[in-house]
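Data block below; observations after.
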Amino acid sequence: QFQLVESGGGLVQPGGSLRLSCAASGFTLDYYAITWFRQGPGKEREGVSCISHSGGMTNYADSVKGRFTISRDNAKKTVYLQMNSLKPEDTAVYYCAARPPRYQCGAAWTTGPIIGSWGQGTQVTVSS
């Protein structure tokens, strides 16, 4: 069935790096834009980054611009989120979600429907 599985989280010190992975199964990843979200303690879920189905368009939350990089390898059916210069405020559970076909990661990239249900997410904790 249509499934995305997040991995790669962990405990890291401020200034450190992590690479998250979002692995697809049960469908062809090539046709779908993917958005990374996160939900910190006591906070609402927020969009972190988006990548179009081809990888040609990306977008980022202002809070992570210049520190995070989203990429994808459709042959490996995986989307990545490279996170550098991590800060304590990046602590959250990170989720990935697929967007409907032809979804563009434009100005409204944090809104719109997702396909399927939310996964378990992967915990990222930034602390000294």
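Everything quoted here is computed from the prediction, not taken from an experiment.
- In this structure, Ser52 contributes its side chain and Met57 its backbone to a donor-acceptor pair below 3.5 Å.
- A perpendicular orientation is assigned to the rings of Phe27 and Tyr32, their planes being inclined by more than 60° (bins at 30° and 60°).
- The hydrophobic cluster containing Leu86 also contains Tyr60, counting ILVMFWY residues as joined when their side-chain heavy atoms lie under 4.5 angstrom apart, directly or transitively.
- Counting only heavy atoms from C-beta outward, the side chains of Met83 and Tyr94 approach each other to under 4.5 Å.
- Both Tyr31 and Leu29 are part of a single hydrophobic cluster, where members link through side-chain heavy atoms under 4.5 Å apart.
- When side chains are defined from C-beta on, Leu20 does not count as touching Tyr80, because their heavy atoms never get closer than 4.5 Å.
- Contacts of Glu46 classified as side-chain hydrogen bond (donor to acceptor under 3.5 Å, both in side chains), with partners at least two apart in sequence or in another chain: Arg38.
- Proximity of a side-chain donor or acceptor of Asn59 to a complementary backbone N or O of Thr110 within less than 3.5 Å is not detected.
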> Would Cys105 and Thr58 satisfy side chain to side chain contact (heavy atoms under 4.5 Å, CB included), going step by step from the backbone distance to the final call?
Replying inline: CA-CA 6 Å; Cys105 295; Thr58 59; over 6 Å; no
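- The shortest side-chain heavy-atom distance between Ser127 and Pro88 does not fall under the 4.5 Å cut-off.
- Heavy atoms only, all atoms of each residue included: Leu81 and Ser49 are closest at CD1-CB, 4.1 Å.
- Formation of a donor-acceptor pair under 3.5 Å by the Arg72 side chain with backbone atoms of Lys77 is not found in this model.
- The backbone N or O of Ala23 sits nowhere less than 3.5 Å from a side-chain atom of Ser21 that would complete a donor-acceptor pair.
- Residues Ser17 and Gln82 meet the side-chain proximity criterion, which asks for heavy atoms closer than 4.5 Å.
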> Please walk me through it: do Asn84 and Phe68 pass side chain to side chain contact (heavy atoms under 4.5 Å, CB included)?
Replying inline: CA-CA 6 Å; Asn84 298 329; Phe68 290 12; over 6 Å; no
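- If you check the side chains of Asp73 and Thr78, you find no donor sitting under 3.5 Å from an acceptor.
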>> Checking Ile34 against Ile70 for the side chain to side chain contact (heavy atoms under 4.5 Å, CB included) test, could you report, in this order, the C-alpha distance in whole Å, the side-chain angles of both residues, the deciding distance, and whether it holds?
In response: CA-CA 10 Å; Ile34 299 292; Ile70 192 170; 5.5 Å; no
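- Residues Val126 and Gln13 form no side-chain contact, since every pair of their non-hydrogen atoms from C-beta on lies 4.5 Å or further apart.
- Of the possible donor and acceptor atoms, none in the side chain of Thr91 sits under 3.5 Å from a partner among the backbone N and O of Thr125.
- Counting heavy atoms from C-beta on, the side chains of Ile115 and Phe2 come closer than 4.5 Å.
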Solution key, residues 95-102 side-chain donor-acceptor pairs under 3.5 Å, sequence neighbours excluded:
residue	atom	partner	partner atom	Å
Arg99	NE	Thr35	OG1	3.0
Arg99	NH1	Thr111	O	3.3
Arg99	NH1	Gly112	O	2.7
Arg99	NH1	Pro113	O	3.1
Arg99	NH2	Trp109	O	2.9
Arg99	NH2	Thr111	O	3.3

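- Two different hydrophobic clusters hold Phe37 and Ile51 under the rule that ILVMFWY side chains link at heavy-atom gaps under 4.5 Å.
- Ion pairing between a basic and an acidic side chain is recognised when a charged N comes within 4.0 Å of a carboxylate O; Asp62 and Lys65 show such pairing.
- Across all non-hydrogen atoms, the minimal contact from Trp36 to Cys22 is CZ2-CB, 3.5 Å.
- Side-chain heavy atoms closer than 4.5 Å link hydrophobic residues (I, L, V, M, F, W, Y) into clusters, and following such links, even through other members, never connects Trp118 to Val79.
- Hydrophobic clustering (ILVMFWY, side-chain heavy atoms < 4.5 Å, transitive): Val93 and Ile114 are in one cluster.
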